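Below: the structure, in C-alpha cells.
Per chain, numbering begins at 1; letters A, B, ... match sequence-line order. All values below come from the heavy atoms of this structure, side chains included, with hydrogens, waters and symmetry mates left out. Everything numeric in this text was worked out from a predicted model, so none of it was measured.
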Amino acid sequence: MRHWLIKSEPDVFSIDHLAKVKREPWSGVRNYQARNSMWKDMKPGDLALFYHSNAVPPGVAGVARVVGDAYPDPTQFDEASEYFDPKATKENPRWWLRDFEFVEKFPMYIPLQEMKEDDALQGMVILQKGTRLSITPVEAAHYKRVCKLGGGKGK
DNA sequence: GCCAACGTTGGC
DNA sequence: GCCAACGTTGGC
C-alpha cells in the first residue's frame with residue numbers, strides 16, 4: 001500500500017466537509033503529474049494525508065482513503081464548470097479522478113511550520129521549496145510520523 | 001523543439 | 001496583496 005498527501009483549500013472543501021459527506025470525487029485536478037498519480041499509481045485502500053492549503057496556518061488535518069477505481073472527471077465535460085476542458089472528449093478523457101472517503105480528523109492539527117521543524121519529516125515532498133503539486137506520494141515512515149504528531153490512528 | 005510570455009499556486 | 005516557483009501556451 002502507498003501513502004499520499006492530497007491538498008485542498010478548506011474554503012472550497014475541508015476535512016469537516018468530507019466527514020459530513022463521507023465520500024467525495026476528487027475533481028478539478030488539472031495537473032498531469034497529479035493526474036497520473038491518481039490514475040495510475042493509486043490503489044483502492046491507499047491512505048492519504050488531507051492537507052489544508054491556503055489556510056491559516058496551512059497544515060495536515062486528517063486522513064482519507066482511496067475508494068474504487070479511477071474514472072473520468074465529469075467536470076471536464078461540463079461547460080458550466082470552472083474545470084471545463086474544451087480539449088477533452090468522452091472518447092478521450094484527459095482528466096481522471098478517484099473517490100476518497102473520510103477516515104479521521106486528527107485530534108491535533110499539524111501546521112506546516114511544525115512539519116518543517118520536525119527532524120523525522122525531512123525530505124517530504126510537501127516541504128520542498130516550490131512544490132505546488134496537489135497530490136504527492138508520502139513515504140510510509142513520514143506518514144506514520146505525521147499521524148503520530150496529529151494524535152490520530154492513521155487508518 | 002525552443003523559449004518568452006503568461007497564468008496559477010500557495011506560503012507569507 | 002506580494003511574489004517566487006514553476007507549469008502551460010503559442011509563435012517562430
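- Residues meeting the side-chain contact (heavy atoms from CB on, under 4.5 Å) test with Lys87(A), sequence neighbours left out: Asp85(A), Arg94(A).
- Pairs passing the side chain to side chain donor-acceptor pair (under 3.5 Å) check and including a residue from residues 50-60 of chain A, sequence neighbours excluded, read Glu9(A)-Asn54(A).
- A search for side-chain contact (heavy atoms from CB on, under 4.5 Å) contacts involving Met1(A) returns His3(A), Asp46(A), Leu47(A), not counting sequence neighbours.
- Residues passing the side-chain contact (heavy atoms from CB on, under 4.5 Å) test with Ser27(A), sequence neighbours excluded: Asp73(A), Thr75(A), Leu97(A).
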**OP:** If a protein heavy atom is under 4.0 Å from the base, mark B; if only from the sugar-phosphate, S; if neither, -; do that for nucleotides 6-11 of chain C going 5' to 3'.
**Re:** BSS---
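- Identified under the side chain to side chain donor-acceptor pair (under 3.5 Å) test for residues 98-117 of chain A, with sequence neighbours left out: Asp16(A)-Lys105(A), Arg23(A)-Asp99(A), Arg65(A)-Glu101(A), Tyr71(A)-Asp99(A), Gln113(A)-Glu117(A).
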Check nucleotides 1-3 of chain B against the protein and report each pair of N or O atoms closer than 3.5 Å, with its distance, or say if there are none.
none

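- Taking Arg132(A) as the reference, nothing meets the salt bridge (charged side-chain N to carboxylate O under 4.0 Å, His left out) condition, with sequence neighbours excluded.
- In this view, Ala120(A) and Asp118(A), Arg145(A) satisfy the side-chain contact (heavy atoms from CB on, under 4.5 Å) rule, not counting sequence neighbours.
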